[in-house]
Structure formats: structure tokens, C-alpha cells
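Worksheet: the structure to be examined is printed underneath.
Residue numbering restarts at 1 for every chain, and letters A, B, ... go by the order of the sequence lines.
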Number of protein chains: 2
Amino acid sequence: MPSSTVEDYIKRLYHEEQRAPGTLVPMGRLAEAMNVVPGTVTTMIKALADSGLVYYEPRAGVRLTDGGRKLALHVLRRHRLVELFLVQTLGFNWSEVHDEAERLEHTISDKVLDKIDAFLGFPKADPHGSPIPCAKGIIAHEPTQTLTSCVVGERYRIARVLDNDAQFLQFAERNGLVPEAHITVISKDDYADALVVSCHSRNAPCTLGSSAAARIFVAPALLQ
Amino acid sequence: MPSSTVEDYIKRLYHEEQRAPGTLVPMGRLAEAMNVVPGTVTTMIKALADSGLVYYEPRAGVRLTDGGRKLALHVLRRHRLVELFLVQTLGFNWSEVHDEAERLEHTISDKVLDKIDAFLGFPKADPHGSPIPCAKGIIAHEPTQTLTSCVVGERYRIARVLDNDAQFLQFAERNGLVPEAHITVISKDDYADALVVSCHSRNAPCTLGSSAAARIFVAPALLQ
DNA sequence: AGGCGCATTTTGACCAGTCAAAAAGAAAGA
DNA sequence: TCTTTCTTTTTGACTGGTCAAAATGCGCCT
């Protein structure tokens, strides 16, 4: 059984890989993501490489092996099912559940996980729109286009909102920026580093800085 | 925040104290309960004494302080609410949930715990009949009489079945020996170390050895 | 009182995970 | 090519929790 520390490294590494697919993740980046000093990462990654979860190229970086990816998706599945469960069944707000899930994802057994999955009706996505990997470790395509690269005037559908900042999630909810909402970018100002987005079924448009806009992923609008 | 190891020591100590109220728990007994060697317990108990959770008398034994008891009851509350939740909401059998709860009890936050408590309607007891401490750390009186000390021929109500052995729980369930069931001890044979118990609302009586009988706690029968 | 047996404590060691700080590589500029 | 700078690795140390085995203390029996 991998320790919860190991699971955390693997999960982080998965996330960092997503941000720049096909490249090795540098140790420094992983250290920052894990909130430890670089030396600690070097030590840990060597151990993970020995146990076959990652491919490690000294002084270049690190990448998940197939086994590592499988573990990452398993952790992600637990995380996202727990998040949805907390929101759907226990009535939590979507901004509160990330930290809770961060701890619970390491202690939920497969047996409990399967019961939760069935109880929720085998859901496809968590409350933030992130796809839930299935038990076999297959995950739906995660959208890659964010608000920052939207064409002004086009209609889009919000697919996913990054969940690691509770404050931002509260802001997003207040402004109707939630999965499945349809929106249009009204204007974009590259110099001010900001854009104005109008949420269909809302009156007041709202303004986002680019780092906030980058947290919102979009997909093509549904017809009509 | 106490580590989950600390919580485990405190919880075990609470259980051992229950078995012989008012006396110091010897280190050896705690070592056995925790499944570690005695030296480990000595080290750990010294640390717990330093942090004020236990009173430690060298070479005599150890006992919870008020602070320690409060923590123990908090852990117990988590354990029992989780057990009930797993049975009631996720459809687990009462024999499966002990081990799951054993891990989850250390990662459930107060926030989640309160939600579960409300979701279940502020229950008073877990699926095995053990009382659930309230949020303030007050626990209902746990019954002390077991099947072994029942008067032959008298009617009793099963109050609680110890939950630490899944096999036994399955056996108990098969024979109707569950909380709130009314039973009568039909005969007792001290030399054979066994007794025969008849379960009201069942046809066939069943035979229990004394160590099994000691796992079943009874209370006065409800009137007719 | 003297010694025996048993529970307990001490000692030294280990593993996982971490940090601080020194050492080593690599890349890039002059 | 030489030097500077930045990242990465190494080294030594520490914490929490554990074990094995030796040392200690206590009660009890004769």
C-alpha cells in the first residue's frame, strides 16, 4: 500500500504533467507544488522511481510511468467522488470540499468508494466539472481551453472551474460562473490583463483578471 | 492536532479503562491492545503524559486525564457516527464497518462530522448498540451486564454487541442476537462453559461459549 | 532476608519524511 | 573558453513511531 505521502506526490505530479503534457516535470516545480524543499523531492522521487511509479532522469525531471498514472487516477477518483458526495449528500458548498477531500482521499477504501459511486448513481463529473475516472482508470478528456483564449462575442459553455481556491469558488458561484453555465466574453483588454464576461441567465456581466480567467475551462456551447 | 497514532492510544486506553474502572491500566495490557511491544508503550505514554492527556505512574500504570477522556470520546463519536453512516446510508453490513471506521475516524473533520450527525437525525447509538457521545463529550451510560451473568429464565433486551470481530457479528446476526432483540437464557452449564439462549421472535435457540456470551451486553427487558 | 520471576523501562537502532546548508552540474553570457 | 547563475543533488541532522534485547525494579515465596 502506498502511503498517503506517496499518493500525494503522485497526484501532484499528475497535475503538473497536465500543465505541460509530454515534458518532464522539473524537480523545483514539484517541490513548490508539494510545499517541500527541493532536496526532499529528489530523495522521494528516487524512492518512487525504485518502486516503479515514476521515470526519473537526473537533473532533467520526472514523469509518471503507466503504473504511476494508474495510481494517480485512482487517487483522483477518490478525491472527486468524495467531493461530489460531500456536496450532493451532505450539503456542503462547492468551495468547502476540496480540503476535506484532500484528507479523505487517502483513507477511503475501495469498498466504500464503490458504495459511494453507486449511491451517487455513477456520476461522470465532480461539483467543479472535473471528470471522475472510472474504476478501471479511464478518464474523460479534460477540456483545455480557458476563458483567456475565448473569442470575444462567441458563446461557450463552462466545463470546469479549478477547485483549489475556496475564495475564488465563492466568487465564481456568486457570479454564476459554474459548470454548464453558458457565457460570452464581451470584451478583452490585454493591457489591463482583464476581460469582461457575461453570464447567460444573469443580468450583470463581471470582470476577471487573467489569472482568474485561467481557472475557468470552457467547451463549445450547446446548440440554441 | 493529535496524530492518529495518539488518538489510537487514547481510544484504546479508554476501552481498557472501561474493562476495569477506577484502576490504572498496566502498560503490558495497553501494549497488547495496541499491538506493539511494551517498550514502545512506555515511550509513547511518557509523551502523552507530557502533553497532559494521561496520568502516568511509573511501574504502576496509566489513566486518562479529563483532557484525555475528552479526546477519547471525540474519537469514539467519530468512530460510531461513521459506523452508523456506513450501515444506514451506504448499505454496509454491521460486521464490515468496524475496520473502515477505524481508519476514517482519524480523518473526518468536525465539519463533516456535524453534517453526518444531522443527516442521520442525531442518532443515540451506533449499529452495534454502542452509545454515541454527543458533541460536548457526554456519553450515555454503557450497559455492563453481559449474557454470562443473566439469570436463567429471565427476559432481557440486548443492548449492545461488541463490534471488534466481524465473524462473530455475522454469527450474531444470523441468530437474531442484535440490539433491541429480547432474549431469555434457557440454560447455563458452568462446566461446559456454555449457555443456551432463546431469541424471542425466533424458533431455534442457540448455544454460546462464555467468551462469545461476554460480547453481548443486556439491559432490562421492555415491558411485554 | 534472600532470591526468583515477571512486568516495565532503558538503550541503541531503524524507517519514513523532512529541512538546512554545502556541493555539484548545466546552461548561458562575455 | 571562462565565469556567473540557477537548479539539482548530496550530506548530516531531526522527529515520530517503532522493535530487539539488555537492564531494572517490584512483589512474592521460601
Discussion item. Rounded to whole Å, please give me the gap between CG in A:Leu30 and P in D:dT9.
Written reply: 11 Å
Fill in: Nearest-angstrom distance from the residue atom CE of A:Met44 to C1' of D:dT9
17 Å
Response to the item:
Separation of C:dC6 atom P from B:Arg29 atom CZ, nearest Å, is 18 Å
Item to complete: Starting from the 5' end of DNA chain C, give me the residue, A:Ser4 or A:Gly39, whose nearest nucleotide shows up first.
Response: A:Ser4
Practice prompt. Give a yes/no on whether any side-chain N or O of A:Thr5 is located under 4.0 angstrom from OP1 or OP2 of C:dG17.
Written response: yes
Worksheet item: If you check the A:Val36 side chain, which of D:dT9, C:dT9, C:dC19 turns out closest?
Response: C:dC19
Discussion item. Please determine whether any donor N or O and acceptor N or O are separated by less than 3.5 Å between the side chain of A:Arg59 and the base of D:dT9.
Written reply: no
Worksheet entry | C:dG17 OP1/OP2 closer than 4.0 Å to side-chain N/O of A:Ser3 | yes
Worksheet item: Parallel, tilted or perpendicular: which describes the rings of A:His128 and A:Trp94, with under 30° parallel and over 60° perpendicular?
Response: parallel
Practice prompt. Among C:dG17, D:dT9, D:dC19, find the nucleotide with the atom closest to the side chain of B:Thr40.
Written response: D:dC19
Worksheet item: Just how far, in rounded Å, is P of C:dC19 from CG of A:Asn35?
Response: 9 Å
Discussion item. Exactly one of B:Arg69, B:Arg29, B:Arg63 should register a salt bridge (Lys or Arg N to Asp or Glu O under 4.0 Å) with B:Glu17. Which one does?
Written reply: B:Arg69
Worksheet item: Roughly how far, to the nearest 0.5 Å, is CG of B:Leu71 from OG1 of B:Thr65?
Response: 9.0 Å
Worksheet item: Rounded to the Å, how far apart are A:Glu7 CD and C:dG17 P?
Response: 11 Å
Discussion item. Without decimals, in angstroms, what is the distance between A:Leu24 CG and D:dT8 P?
Written reply: 11 Å
Worksheet entry | Smallest separation among heavy atoms of A:Gly137 and A:Leu73, with atom names | O-CD1, 3.1 Å
Worksheet item: Looking across every strand, which nucleic acid part, if any, lies under 4.0 Å from A:Thr42 by heavy atom: base, sugar-phosphate, or nothing?
Response: base
Discussion item. Whole angstroms only, please: what is the CE-P distance between B:Met1 and D:dT15?
Written reply: 21 Å
Discussion item. What's the separation between atom CG in B:Leu53 and atom CD1 in B:Ile10, rounded to the nearest 0.5 Å?
Written reply: 4.5 Å
Worksheet item: Are any of A:Tyr56's side-chain N or O atoms less than 4.0 Å away from OP1 or OP2 of D:dT8?
Response: no
Item to complete: Report the distance from atom CD1 of A:Ile45 to atom P of D:dT10, rounded to the nearest whole Å.
Response: 14 Å
Worksheet item: For D:dT10, does either OP1 or OP2 sit under 4.0 Å from a side-chain N or O belonging to A:Lys46?
Response: yes
